[in-house]
Number of protein chains: 2
Amino acid sequence: MYSYMKRDSRLSGVLHVLLHMAQQPGPFTSETLAKAMDTNPVVIRRIMAGLRELGYVHSERGHGGGWTLACDLSKVTLRDVYAALGSPSLLAMGNRTEAPGCLVEQAVNAALAQAFGDAEALLLSRLGEVTLAMLSDDLRKRLGSRKIHDISAHRA
Amino acid sequence: MYSYMKRDSRLSGVLHVLLHMAQQPGPFTSETLAKAMDTNPVVIRRIMAGLRELGYVHSERGHGGGWTLACDLSKVTLRDVYAALGSPSLLAMGNRTEAPGCLVEQAVNAALAQAFGDAEALLLSRLGEVTLAMLSDDLRKRLGSRKIHDISAHRA
DNA sequence: CTATCATGTAACATGTATAGTTACATGAAA
DNA sequence: TTTCATGTAACTATACATGTTACATGATAG
(Lines give C-alpha, C1' and ligand atoms only; values in the text may rest on other atoms or scores of the structure.)
Protein backbone atom coordinates (compact mmCIF):
# COMPACT_ATOMS: atom_id res chain seq x y z
CA MET A 1 0.00 0.00 0.00
CA TYR A 2 0.91 3.64 -0.26
CA SER A 3 0.86 5.49 2.99
CA TYR A 4 0.61 4.65 6.63
CA MET A 5 -3.03 4.96 7.63
CA LYS A 6 -2.89 5.91 11.25
CA ARG A 7 -4.75 8.21 13.59
CA ASP A 8 -8.52 8.22 13.76
CA SER A 9 -9.84 4.67 14.11
CA ARG A 10 -13.31 5.45 15.37
CA LEU A 11 -15.09 4.31 12.23
CA SER A 12 -13.14 1.07 12.25
CA GLY A 13 -13.86 0.65 15.93
CA VAL A 14 -17.56 1.34 15.88
CA LEU A 15 -18.07 -0.98 12.90
CA HIS A 16 -16.28 -3.69 14.81
CA VAL A 17 -18.72 -3.19 17.67
CA LEU A 18 -21.78 -3.20 15.44
CA LEU A 19 -20.67 -6.35 13.66
CA HIS A 20 -20.10 -8.13 16.92
CA MET A 21 -23.56 -7.14 18.02
CA ALA A 22 -25.07 -8.41 14.77
CA GLN A 23 -23.76 -11.92 15.45
CA GLN A 24 -25.81 -12.60 18.53
CA PRO A 25 -28.75 -11.08 20.36
CA GLY A 26 -27.98 -8.40 22.93
CA PRO A 27 -27.87 -6.50 25.03
CA PHE A 28 -24.13 -6.03 25.40
CA THR A 29 -22.57 -3.98 28.14
CA SER A 30 -19.91 -1.41 27.32
CA GLU A 31 -17.53 -3.49 29.36
CA THR A 32 -18.10 -6.63 27.31
CA LEU A 33 -17.68 -4.74 24.07
CA ALA A 34 -14.61 -2.97 25.41
CA LYS A 35 -12.97 -6.28 26.30
CA ALA A 36 -13.62 -7.63 22.82
CA MET A 37 -12.05 -4.50 21.37
CA ASP A 38 -9.23 -4.37 23.87
CA THR A 39 -10.12 -0.89 24.96
CA ASN A 40 -12.00 1.02 27.65
CA PRO A 41 -15.78 1.02 28.29
CA VAL A 42 -15.86 4.80 28.18
CA VAL A 43 -14.40 4.74 24.69
CA ILE A 44 -17.24 2.47 23.62
CA ARG A 45 -19.85 4.77 25.08
CA ARG A 46 -18.18 7.70 23.42
CA ILE A 47 -18.16 6.31 19.89
CA MET A 48 -21.69 4.90 20.32
CA ALA A 49 -23.24 8.15 21.52
CA GLY A 50 -23.78 9.52 18.01
CA LEU A 51 -25.33 6.27 16.81
CA ARG A 52 -27.73 6.29 19.72
CA GLU A 53 -28.86 9.82 18.87
CA LEU A 54 -29.62 8.75 15.32
CA GLY A 55 -31.51 5.69 16.56
CA TYR A 56 -29.15 3.10 15.10
CA VAL A 57 -28.56 1.59 18.52
CA HIS A 58 -30.36 1.68 21.82
CA SER A 59 -28.92 1.74 25.32
CA GLU A 60 -30.42 0.91 28.65
CA ARG A 61 -29.15 1.33 32.17
CA GLY A 62 -29.23 -0.83 35.24
CA HIS A 63 -29.47 -4.58 35.62
CA GLY A 64 -29.73 -6.35 32.30
CA GLY A 65 -28.95 -3.11 30.53
CA GLY A 66 -26.48 -2.46 27.74
CA TRP A 67 -26.45 -1.85 24.02
CA THR A 68 -28.77 -3.29 21.40
CA LEU A 69 -29.10 -2.79 17.65
CA ALA A 70 -32.13 -0.69 16.80
CA CYS A 71 -32.02 -0.39 13.03
CA ASP A 72 -32.44 -2.34 9.83
CA LEU A 73 -28.88 -3.30 8.99
CA SER A 74 -29.70 -3.33 5.29
CA LYS A 75 -30.72 0.32 5.49
CA VAL A 76 -27.67 1.74 7.25
CA THR A 77 -24.51 2.35 5.23
CA LEU A 78 -20.96 2.90 6.38
CA ARG A 79 -21.45 6.50 5.34
CA ASP A 80 -24.36 6.78 7.76
CA VAL A 81 -22.17 5.41 10.52
CA TYR A 82 -19.43 7.85 9.57
CA ALA A 83 -21.93 10.70 9.76
CA ALA A 84 -23.08 9.45 13.16
CA LEU A 85 -19.53 9.91 14.40
CA GLY A 86 -19.79 13.57 13.52
CA SER A 87 -18.21 13.35 10.06
CA PRO A 88 -14.61 13.71 11.19
CA SER A 89 -11.99 14.79 8.67
CA LEU A 90 -11.33 12.14 6.04
CA LEU A 91 -8.19 13.62 4.56
CA ALA A 92 -4.97 14.15 6.44
CA MET A 93 -3.82 17.02 4.26
CA GLY A 94 -5.34 20.37 3.48
CA ASN A 95 -4.68 23.93 2.55
CA ARG A 96 -2.47 26.19 4.58
CA THR A 97 -4.97 29.01 4.40
CA GLU A 98 -8.60 28.53 3.50
CA ALA A 99 -9.47 31.91 2.04
CA PRO A 100 -6.16 33.48 1.06
CA GLY A 101 -5.72 36.89 -0.50
CA CYS A 102 -2.50 35.77 -2.12
CA LEU A 103 -3.03 34.69 -5.73
CA VAL A 104 -0.26 32.13 -5.48
CA GLU A 105 -2.01 30.49 -2.60
CA GLN A 106 -5.28 30.63 -4.52
CA ALA A 107 -3.75 28.83 -7.48
CA VAL A 108 -2.34 26.13 -5.21
CA ASN A 109 -5.60 25.75 -3.31
CA ALA A 110 -7.58 25.43 -6.51
CA ALA A 111 -5.41 22.62 -7.81
CA LEU A 112 -5.41 20.76 -4.52
CA ALA A 113 -9.11 21.32 -3.90
CA GLN A 114 -9.84 19.54 -7.16
CA ALA A 115 -7.79 16.47 -6.25
CA PHE A 116 -8.81 16.40 -2.61
CA GLY A 117 -12.45 17.03 -3.42
CA ASP A 118 -12.58 14.20 -5.94
CA ALA A 119 -10.98 11.76 -3.53
CA GLU A 120 -13.25 12.76 -0.68
CA ALA A 121 -16.33 12.44 -2.85
CA LEU A 122 -15.28 9.01 -4.04
CA LEU A 123 -14.62 7.83 -0.51
CA LEU A 124 -18.00 9.01 0.70
CA SER A 125 -19.63 7.39 -2.30
CA ARG A 126 -17.92 4.07 -1.61
CA LEU A 127 -18.90 4.19 2.05
CA GLY A 128 -22.46 4.87 0.95
CA GLU A 129 -22.52 1.72 -1.14
CA VAL A 130 -21.83 -0.66 1.72
CA THR A 131 -24.55 -1.50 4.23
CA LEU A 132 -24.05 -3.03 7.64
CA ALA A 133 -25.98 -6.04 6.38
CA MET A 134 -23.44 -6.56 3.61
CA LEU A 135 -20.64 -6.38 6.13
CA SER A 136 -22.40 -8.83 8.38
CA ASP A 137 -22.95 -11.25 5.48
CA ASP A 138 -19.29 -11.01 4.57
CA LEU A 139 -18.38 -11.78 8.15
CA ARG A 140 -20.59 -14.87 8.22
CA LYS A 141 -18.85 -16.12 5.11
CA ARG A 142 -15.50 -15.63 6.78
CA LEU A 143 -16.74 -17.49 9.82
CA GLY A 144 -17.61 -20.34 7.49
CA SER A 145 -18.56 -23.58 9.17
CA ARG A 146 -17.56 -22.48 12.64
CA LYS A 147 -20.19 -22.09 15.28
CA ILE A 148 -21.70 -18.71 15.94
CA HIS A 149 -18.92 -16.50 17.11
CA ASP A 150 -19.24 -16.09 20.87
CA ILE A 151 -18.21 -12.65 21.90
CA SER A 152 -17.34 -13.82 25.38
CA ALA A 153 -14.74 -16.14 23.87
CA HIS A 154 -13.39 -13.35 21.74
CA ARG A 155 -9.66 -12.79 21.69
CA ALA A 156 -7.70 -13.48 18.52
CA MET B 1 -17.86 20.95 1.61
CA TYR B 2 -17.86 17.92 3.78
CA SER B 3 -15.14 17.82 6.37
CA TYR B 4 -12.73 20.25 7.89
CA MET B 5 -9.45 19.76 6.07
CA LYS B 6 -6.88 20.64 8.65
CA ARG B 7 -3.63 19.12 9.79
CA ASP B 8 -0.79 18.54 7.38
CA SER B 9 -0.29 21.51 5.07
CA ARG B 10 3.20 20.74 3.87
CA LEU B 11 2.17 19.95 0.31
CA SER B 12 0.18 23.15 0.11
CA GLY B 13 3.09 25.04 1.62
CA VAL B 14 5.85 23.68 -0.56
CA LEU B 15 3.79 24.23 -3.72
CA HIS B 16 3.29 27.81 -2.65
CA VAL B 17 7.04 28.20 -2.37
CA LEU B 18 7.76 26.58 -5.73
CA LEU B 19 5.18 28.71 -7.49
CA HIS B 20 6.63 31.84 -6.03
CA MET B 21 10.05 30.80 -7.23
CA ALA B 22 8.70 30.13 -10.70
CA GLN B 23 7.56 33.73 -11.06
CA GLN B 24 10.99 35.30 -10.92
CA PRO B 25 14.61 34.24 -11.11
CA GLY B 26 16.30 33.22 -7.87
CA PRO B 27 17.97 32.57 -5.69
CA PHE B 28 15.62 33.08 -2.76
CA THR B 29 16.71 32.87 0.84
CA SER B 30 14.72 30.82 3.30
CA GLU B 31 14.00 34.03 5.13
CA THR B 32 12.47 35.70 2.08
CA LEU B 33 10.32 32.67 1.35
CA ALA B 34 9.34 32.36 4.99
CA LYS B 35 8.14 35.96 5.09
CA ALA B 36 6.04 35.40 1.99
CA MET B 37 4.51 32.35 3.64
CA ASP B 38 4.17 33.95 7.05
CA THR B 39 6.21 31.23 8.70
CA ASN B 40 9.71 30.45 9.90
CA PRO B 41 12.87 29.98 7.74
CA VAL B 42 13.54 26.63 9.36
CA VAL B 43 10.13 25.41 8.27
CA ILE B 44 11.03 26.33 4.69
CA ARG B 45 14.33 24.44 4.88
CA ARG B 46 12.54 21.49 6.36
CA ILE B 47 9.90 21.10 3.67
CA MET B 48 12.46 21.81 0.93
CA ALA B 49 14.99 19.22 2.10
CA GLY B 50 13.29 16.34 0.33
CA LEU B 51 12.96 18.28 -2.91
CA ARG B 52 16.65 19.11 -2.79
CA GLU B 53 17.55 15.45 -2.39
CA LEU B 54 15.52 14.60 -5.48
CA GLY B 55 17.15 17.43 -7.42
CA TYR B 56 13.98 19.48 -7.91
CA VAL B 57 15.58 22.46 -6.23
CA HIS B 58 19.10 23.51 -5.45
CA SER B 59 20.41 25.35 -2.41
CA GLU B 60 23.59 27.26 -1.85
CA ARG B 61 25.12 28.76 1.24
CA GLY B 62 26.83 32.01 2.01
CA HIS B 63 26.57 35.38 0.34
CA GLY B 64 24.19 35.36 -2.61
CA GLY B 65 23.04 31.90 -1.62
CA GLY B 66 19.52 30.59 -1.30
CA TRP B 67 17.12 28.35 -3.18
CA THR B 68 16.76 27.96 -6.93
CA LEU B 69 14.56 25.76 -9.10
CA ALA B 70 16.56 22.96 -10.65
CA CYS B 71 14.02 20.97 -12.66
CA ASP B 72 11.82 21.13 -15.71
CA LEU B 73 8.52 22.29 -14.27
CA SER B 74 6.62 20.46 -16.99
CA LYS B 75 8.18 17.18 -15.87
CA VAL B 76 7.41 17.36 -12.15
CA THR B 77 3.91 16.56 -10.95
CA LEU B 78 2.22 17.33 -7.67
CA ARG B 79 2.55 13.66 -6.92
CA ASP B 80 6.32 13.91 -7.31
CA VAL B 81 6.35 16.81 -4.88
CA TYR B 82 4.19 14.80 -2.49
CA ALA B 83 6.65 11.93 -2.72
CA ALA B 84 9.53 14.32 -2.08
CA LEU B 85 7.88 15.22 1.22
CA GLY B 86 8.18 11.60 2.24
CA SER B 87 4.69 10.52 1.17
CA PRO B 88 2.93 11.44 4.39
CA SER B 89 -0.43 9.89 5.19
CA LEU B 90 -3.18 11.12 2.87
CA LEU B 91 -6.11 9.78 4.83
CA ALA B 92 -7.04 10.82 8.32
CA MET B 93 -8.72 7.54 9.19
CA GLY B 94 -7.45 4.00 9.32
CA ASN B 95 -7.86 0.60 10.82
CA ARG B 96 -7.67 0.00 14.52
CA THR B 97 -5.41 -3.00 14.04
CA GLU B 98 -3.47 -3.65 10.88
CA ALA B 99 -3.14 -7.45 10.98
CA PRO B 100 -5.87 -8.66 13.29
CA GLY B 101 -6.53 -12.26 14.20
CA CYS B 102 -10.15 -11.44 14.90
CA LEU B 103 -12.39 -12.26 11.95
CA VAL B 104 -14.73 -9.41 12.77
CA GLU B 105 -11.87 -6.98 12.55
CA GLN B 106 -10.78 -8.59 9.30
CA ALA B 107 -14.21 -8.11 7.77
CA VAL B 108 -14.26 -4.47 8.80
CA ASN B 109 -10.74 -3.86 7.57
CA ALA B 110 -11.50 -5.44 4.21
CA ALA B 111 -14.50 -3.19 3.64
CA LEU B 112 -12.70 -0.06 4.70
CA ALA B 113 -9.52 -0.94 2.82
CA GLN B 114 -11.55 -1.08 -0.36
CA ALA B 115 -13.04 2.37 0.11
CA PHE B 116 -9.89 3.96 1.50
CA GLY B 117 -7.70 2.33 -1.13
CA ASP B 118 -9.86 3.57 -3.98
CA ALA B 119 -9.89 7.10 -2.64
CA GLU B 120 -6.16 7.12 -2.04
CA ALA B 121 -5.46 5.78 -5.53
CA LEU B 122 -7.69 8.39 -7.10
CA LEU B 123 -6.03 11.17 -5.15
CA LEU B 124 -2.55 10.05 -6.16
CA SER B 125 -3.70 9.73 -9.74
CA ARG B 126 -5.11 13.26 -9.74
CA LEU B 127 -1.92 14.65 -8.23
CA GLY B 128 0.04 12.84 -10.91
CA GLU B 129 -1.91 14.59 -13.66
CA VAL B 130 -0.95 18.10 -12.63
CA THR B 131 2.55 19.43 -13.35
CA LEU B 132 4.18 22.41 -11.73
CA ALA B 133 4.16 24.05 -15.16
CA MET B 134 0.39 23.74 -15.33
CA LEU B 135 0.10 25.30 -11.90
CA SER B 136 2.41 28.11 -12.90
CA ASP B 137 0.43 28.77 -16.07
CA ASP B 138 -2.77 28.89 -14.07
CA LEU B 139 -1.17 31.36 -11.72
CA ARG B 140 -0.10 33.64 -14.58
CA LYS B 141 -3.67 33.65 -15.83
CA ARG B 142 -4.85 34.66 -12.39
CA LEU B 143 -2.28 37.42 -12.29
CA GLY B 144 -3.76 38.63 -15.55
CA SER B 145 -2.55 42.01 -16.67
CA ARG B 146 -0.73 42.80 -13.45
CA LYS B 147 2.99 43.14 -13.43
CA ILE B 148 5.16 40.22 -12.54
CA HIS B 149 4.38 39.33 -8.98
CA ASP B 150 7.21 40.64 -6.84
CA ILE B 151 7.81 38.34 -3.94
CA SER B 152 9.34 41.15 -1.90
CA ALA B 153 6.02 42.98 -2.10
CA HIS B 154 4.14 39.87 -1.11
CA ARG B 155 1.62 40.12 1.64
CA ALA B 156 -2.02 39.62 0.79
C1' DC C 1 42.35 35.84 6.80
C1' DT C 2 38.13 37.12 8.90
C1' DA C 3 33.58 38.90 9.20
C1' DT C 4 29.18 38.15 7.32
C1' DC C 5 25.73 35.60 5.28
C1' DA C 6 22.81 31.55 4.42
C1' DT C 7 21.97 26.79 4.70
C1' DG C 8 21.81 22.19 7.67
C1' DT C 9 20.22 20.29 11.65
C1' DA C 10 19.41 19.11 16.37
C1' DA C 11 16.68 20.19 20.27
C1' DC C 12 12.93 21.97 22.37
C1' DA C 13 8.24 24.29 22.78
C1' DT C 14 3.41 24.63 21.22
C1' DG C 15 -1.14 23.45 19.46
C1' DT C 16 -4.44 20.05 18.44
C1' DA C 17 -6.71 15.63 17.93
C1' DT C 18 -7.52 10.78 19.25
C1' DA C 19 -7.26 7.35 22.78
C1' DG C 20 -7.24 5.86 27.43
C1' DT C 21 -8.48 6.47 32.40
C1' DT C 22 -10.66 8.03 36.71
C1' DA C 23 -14.48 9.71 39.12
C1' DC C 24 -19.00 10.32 39.92
C1' DA C 25 -23.92 11.35 38.87
C1' DT C 26 -28.16 9.18 36.95
C1' DG C 27 -31.36 5.78 36.61
C1' DA C 28 -33.14 0.82 36.42
C1' DA C 29 -33.69 -3.75 38.27
C1' DA C 30 -33.10 -7.33 41.80
C1' DT D 1 -31.62 -0.19 49.27
C1' DT D 2 -28.04 -2.41 47.04
C1' DT D 3 -26.11 -3.42 42.68
C1' DC D 4 -25.48 -2.75 38.02
C1' DA D 5 -24.84 -0.11 33.79
C1' DT D 6 -24.99 4.02 31.19
C1' DG D 7 -23.85 9.37 30.71
C1' DT D 8 -20.42 12.60 31.08
C1' DA D 9 -16.87 15.64 32.71
C1' DA D 10 -12.08 16.00 33.56
C1' DC D 11 -7.71 14.54 33.27
C1' DT D 12 -3.57 11.96 31.26
C1' DA D 13 -0.95 9.88 27.47
C1' DT D 14 0.49 9.79 22.82
C1' DA D 15 1.40 11.37 18.21
C1' DC D 16 2.26 14.68 14.82
C1' DA D 17 2.72 19.13 12.43
C1' DT D 18 4.34 23.46 13.29
C1' DG D 19 7.09 27.10 15.38
C1' DT D 20 11.42 28.57 17.58
C1' DT D 21 16.18 28.77 19.35
C1' DA D 22 20.82 27.61 18.99
C1' DC D 23 24.73 26.49 16.73
C1' DA D 24 27.74 24.08 13.27
C1' DT D 25 29.07 24.22 8.33
C1' DG D 26 30.45 26.35 4.39
C1' DA D 27 30.70 30.21 0.85
C1' DT D 28 31.57 34.98 -0.42
C1' DA D 29 33.04 39.82 0.25
C1' DG D 30 36.25 42.81 1.96
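So you know, we letter chains A, B, ... as the sequences are listed, proteins then strands, and number each from 1.
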Trainee: What is the distance from CE of Met93(B) to P of dT18(C), rounded to the nearest Å?
Mentor: 9 Å

Trainee: Calculate the interatomic distance between Leu33(B) atom CG and dG8(C) atom P; express it in whole Å.
Mentor: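 Taking atom P of dG8(C) as the reference, CG of Leu33(B) is at 12 Å.
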
Trainee: What is the distance from CG of Leu51(B) to P of dT7(C), rounded to the nearest Å?
Mentor: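 Rounding to the nearest Å, CG of Leu51(B) and P of dT7(C) are 15 Å apart.
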
Trainee: Rounded to whole Å, please give me the gap between CD in Glu53(B) and P in dG8(C).
Mentor: 10 Å

Trainee: Is the side chain of Asn95(B) donor-acceptor paired with the backbone N or O of Ser12(A) at a distance under 3.5 Å, no angle test?
Mentor: no

Trainee: Mind checking what makes side-chain contact (heavy atoms from CB on, under 4.5 Å) contact with Leu69(A), not counting sequence neighbours?
Mentor: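 Leu69(A) satisfies side-chain contact (heavy atoms from CB on, under 4.5 Å) with Leu18(A), Met21(A), Ala22(A), Val57(A), Leu73(A) only.
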
Trainee: dA17(C) C1' sits how many Å from Leu85(A) CG, rounded?
Mentor: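 Taking CG of Leu85(A) and C1' of dA17(C), I get 15 Å after rounding.
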
Trainee: Please, which pairs that meet salt bridge (charged side-chain N to carboxylate O under 4.0 Å, His left out) have at least one residue in residues 63-74 of chain A, sequence neighbours excluded?
Mentor: Asp72(A)-Lys75(A)

Trainee: To which residues is Val43(A) joined in a hydrophobic cluster, defined by side-chain heavy-atom contacts under 4.5 Å among Ile, Leu, Val, Met, Phe, Trp and Tyr, whether direct or through other members?
Mentor: none

Trainee: Any pair with a residue in residues 100-111 of chain B that passes salt bridge (charged side-chain N to carboxylate O under 4.0 Å, His left out), sequence neighbours left out, goes on the list, sorted by first then second residue, please.
Mentor: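 Pairs touching residues 100-111 of chain B that pass the test: Arg96(B)-Glu105(B).
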
Trainee: With the sugar-phosphate defined as primed atoms, P, OP1 and OP2, and the base as all remaining atoms, what B/S/- string results for nucleotides 20-30 of chain D, 5' to 3', for protein heavy atoms under 4.0 Å?
Mentor: BB---BBBB--

Trainee: Given dT18(C), is OP1 or OP2 found less than 4.0 Å from the side-chain N or O atoms of Ser9(A)?
Mentor: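 False: Ser9(A) side-chain N/O out of range (4.0 Å or more) of dT18(C) OP1/OP2.
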
Trainee: Which of the following nucleotides, dT18(D), dG8(C), dT18(C), is nearest to the side chain of Trp67(B)?
Mentor: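 Out of dT18(D), dG8(C), dT18(C), the nucleotide with an atom closest to Trp67(B)'s side chain is dG8(C).
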
Trainee: Can you find a side-chain donor-acceptor pair between Thr29(B) and Thr32(B) that sits under 3.5 Å?
Mentor: yes

Trainee: Side-chain donor-acceptor pairs under 3.5 Å in residues 44-53 of chain B, sequence neighbours left out?
Mentor:
unit_1, atom_1, unit_2, atom_2, d
Arg45(B), NE, Ser30(B), OG, 3.4

Trainee: Please report, rounded to the nearest Å, how far the C1' atom of dT8(D) is from the CZ atom of Arg52(A).
Mentor: 10 Å

Trainee: Measure from CG on Asn95(A) to P on dA17(D) and round the result to the nearest Å.
Mentor: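 Atom-to-atom, Asn95(A) to dA17(D), this comes out as 17 Å.
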
Trainee: Please confirm whether the shortest side-chain N or O distance from Arg10(A) to OP1 or OP2 of dT18(C) is below 4.0 Å.
Mentor: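 Affirmative; the distance criterion is met.
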
Trainee: If you assign Gly65(B) and Arg96(B) each to the DNA chain C nucleotide with the nearest heavy atom, which residue ends up on the more 5' nucleotide?
Mentor: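 That would be Gly65(B).
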
Trainee: Is any side-chain nitrogen or oxygen of Ser30(B) closer than 4.0 Å to OP1 or OP2 of dT7(C)?
Mentor: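 Checking dT7(C) against Ser30(B), a side-chain N or O does come within under 4.0 Å of OP1 or OP2.
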
Trainee: Could you state the atom-to-atom distance from CD1 of Ile47(B) to C1' of dT7(C) in whole Å?
Mentor: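 From Ile47(B) CD1 to dT7(C) C1': 15 Å.
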
Trainee: Please confirm whether the shortest side-chain N or O distance from Ser59(B) to OP1 or OP2 of dA6(C) is below 4.0 Å.
Mentor: no

